[in-house]
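Throughout, a chain's letter reflects where its sequence line sits, starting with A, and its residues are numbered from 1. Since the model is a prediction, treat every value here as computed from it, not as a measurement.
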Amino acid sequence: MSAPVAIVTGTSRGIGQGIAARLTAAGTRVFGVSRTQGEAVQLQCDLAKPDAPRQVLADALEVCGRVDALVNNAGLLLEGNCWEQQEEDVDAMVALNLTTPFLLSQAVAAHWVKEGQAGTIVNVCSIESQVGWSDPPQAAYAATKGGLLGLTRAQALELAPHGIRVVAVGPGPIATGMTPDTPELEKAIPLGGRPGTPEDVGDVVAFLLSEAARYVTGEIVYVDGGYLLR
Amino acid sequence: MTPTAMTRFAGQRALVTGAASGIGRAVARRLAAEGASVVGLDLSRDGLEETFDSIVGAHHIAVDVRSEEAIAAVANSDVLVNAAGILLRHELLEHPLDGWQQTLDVNLKAPLRLSREFARAHIEAGTPGAIVNVCSIESFTALPGHAAYTASKSALLMLTRATALELAPHGIRVNAVAPGVTKTGMNAAVRADPEQAAALNEAIPLKRFATAEEQAAGICFLASPEASYITGATLPIDGGWLTR
């Protein structure tokens with residue numbers, strides 16, 4: 001059998017790039033999708049466009065011949081006080097953080113069911129699927145990540161009879177070059193006092209996609225250095 | 001009801017969405033009974049009229065909770081209860097996009113928008129306030145055919161926690177209830193089917209469905225000064241569903 005294929009969204013940088021690197025190292029062929037160009041990007045497209053999910057699946061099948069896994073990683077964080085944030089920002093986050101995973105998972109799962117094939121979906125949630133973050137404020141983002149965890153559970157329950165597992169990871173603060181590593185942040189992280197790396201998340205995603213996680217579905221694994229313990 | 005309980009909302013203004021039926025109606029009536037001046041929002045004018053029939057001092061506006069009119073109505077309120085919600089049943093693989101979006105619009109974006117306007121008005125005026133969101137046991141768990149509902153109610157749970165965190169410095173409390181199966185129009189068809197009703201009852205440790213009034217009791221407690229040190233909490237009112 002040829003190498004397993006994973007569609008991973010948002011691979012041009014940050015966590016998505018780390019996931020792509022770790023999956024590739026584990027022998028998975030990654031079909032990376034991102035709006036911007038990058039080393040791990042095979043398809044450039046705006047995932048928030050309504051027809052994008054179908055196009056992603058079709059292109060992945062054409063290029064790789066098969067699809068075994070989907071990692072819904074692409075996400076958008078727009079900060080703002082909950083009493084000030086504009087409608088367009090909320091809409092953009094709901095579209096990319098919730099509706100895109102819904103549609104892309106639906107397309108890929110329907111393909112698996114049609115082919116009688118098993119598969120695994122990993123949704124990249126956040127510690128904000130569980131707790132709020134107020135500095136800087138981002139309540140609407142937290143709501144979308146809470147929704148993505150709910151979607152994970154709903155998908156897991158309904159797709160289990162088809163042999164499809166759906167799981168989530170919940171990264172804490174990750175050093176992606178976007179978040180500054182401050183002393184306050186270091187104090188907030190019990191494990192080593194450092195923010196996580198994209199590879200820390202990528203290793204957990206690789207585990208969840210692997211045969212070793214075959215009895216795990218509907219669950220979230222927080223990759224946060226113990227942040228949620230405090 | 002004790003005399004103190006009956007006046008918990010004296011002199012307060014409350015806005016309740018989804019007030020034409022079910023949990024929203026029960027909340028609107030109870031808030032009014034406890035002294036609040038209540039504004040009810042809903043799409044159904046007839047339903048609102050029935051809710052507020054014989055209640056003095058209440059008024060209602062028949063509007064979509066997503067509309068600008070609804071937003072304008074929230075600024076004057078001391079209490080906001082986001083009870084409007086929809087449940088569209090679709091199998092995941094056949095779930096239409098418009099049903100998904102409609103669910104997110106009503107169950108997530110409307111509370112988000114109303115909370116924003118409520119908070120903005122209170123922060124500007126320097127006054128405290130209380131928001132109660134109606135989540136669901138499906139903020140914690142899943143039921144088949146409810147993908148959009150589950151996602152929207154899970155999102156509302158996190159909206160509750162995150163807005164509670166952001167608004168706490170301004171004296172605005174945000175809490176939620178997580179109802180289990182409650183006797184409302186939303187699940188009337190399911191409850192009317194003896195087989196489905198029996199299976200659902202079997203899943204509930206208290207072996208019965210909740211009444212809308214039981215949900216209203218929890219919502220009004222969280223909105224009241226009795227809950228003055230509670231914020232960001234989600235109270236399951238589910239007959240023990242989540243214990244299993």
- Task: List the steps and the verdict of side chain to side chain contact (heavy atoms under 4.5 Å, CB included) for A:Asp91 and B:Lys109.
- Result: CA-CA 9 Å; A:Asp91 287 347; B:Lys109 285 191 194 170; 2.9 Å; yes
- Can B:Ser154 and A:Leu149 be said to form a side chain to side chain contact (heavy atoms under 4.5 Å, CB included), step by step? CA-CA 7 Å; B:Ser154 301; A:Leu149 178 56; 5.6 Å; no
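With a 4.5 Å cut-off on non-hydrogen atoms, A:Leu157 touches chain B through its side chain but not through its backbone. Proximity to chain A (any heavy atom under 4.5 Å) is shown, for B:Ser115, by neither the backbone nor the side chain. Contact of B:Leu157 with chain A is not made at all, since no heavy-atom distance falls under 4.5 Å. Proximity to chain A (any heavy atom under 4.5 Å) is restricted, for B:Glu94, to the backbone atoms N, CA, C and O. Only the backbone of A:Gln85 has a heavy atom closer than 4.5 Å to any heavy atom of chain B. Only the side chain of A:Leu159 comes within contact range of chain B, judged by heavy atoms closer than 4.5 Å. Only the backbone of A:Val131 comes within less than 4.5 Å of a heavy atom in chain B; its side chain stays farther off. There is no contact between B:Thr160 and chain A, counting heavy-atom distances below 4.5 Å. For B:His95, the parts sitting under 4.5 Å from any heavy atom of chain A are the backbone and the side chain alike. Contacts of A:Ser129 with chain B are made by backbone atoms alone, with heavy-atom separations under 4.5 Å and no side-chain atom involved. Only the backbone of A:Glu84 comes within less than 4.5 Å of a heavy atom of chain B; no side-chain atom from C-beta onward does. Residue B:Thr150 touches chain A through both its backbone and its side chain, counting heavy-atom pairs closer than 4.5 Å.
The CD1 atom of A:Ile164 lies 9.0 Å from the CG atom of B:Leu92; values are rounded to the nearest 0.5 Å. Taking CZ from B:Arg113 and SG from A:Cys82, the interatomic distance works out to 14.5 Å, rounded to the nearest 0.5 Å. The distance from atom OG1 of A:Thr144 to atom CG of B:Leu104, rounded to the nearest 0.5 Å, is 10.5 Å. The NZ atom of A:Lys114 sits 12.5 Å away from the CG atom of B:Leu93 when rounded to the nearest 0.5 Å.
Contact count versus chain A (heavy atoms, under 4.5 Å) is highest, among B:Ala162, B:Ala119, B:Ala147, B:Ala155, for B:Ala155. In terms of heavy-atom pairs under 4.5 Å with chain B, the best-connected choice from A:Lys145, A:Gln130, A:Gln155, A:His162 is A:Gln130. The choice from B:Ala121, B:Ser139, B:Gly145 that makes the most heavy-atom pairs within less than 4.5 Å of chain A is B:Gly145.
Residues B:Gln101 and A:Thr99 approach most closely at NE2-CG2, 4.4 Å, considering heavy atoms. Nearest heavy-atom pair across A:Trp83 and B:Glu166 is CZ3-O, 4.0 Å. Residues A:Glu158 and B:His90 share a closest heavy-atom pair of OE2-O, 4.3 Å.
Residue-environment remark: CZ (B:Arg120) exceeds the threshold of 12 foreign heavy atoms within 6.0 Å.
Between A:Asn81 and B:Ile123, every side-chain heavy-atom pair lies at or beyond the 4.5 Å cut-off.
Between A:Phe102 and B:Trp100, the ring-plane angle classifies as parallel under the 30° and 60° cut-offs.
For B:Arg161 (side chain) and A:Gly132 (main-chain N/O), no donor-acceptor pair under 3.5 Å exists by modelled atom type.
Residues of residues 135-143 of chain A lying under 4.5 angstrom from chain B, judged on non-hydrogen atoms, are A:Pro137, A:Gln138, A:Ala139, A:Ala140, A:Ala142, A:Ala143 by number. For residues 218-230 of chain A, heavy-atom neighbours of chain B at less than 4.5 Å comprise no residues at all.
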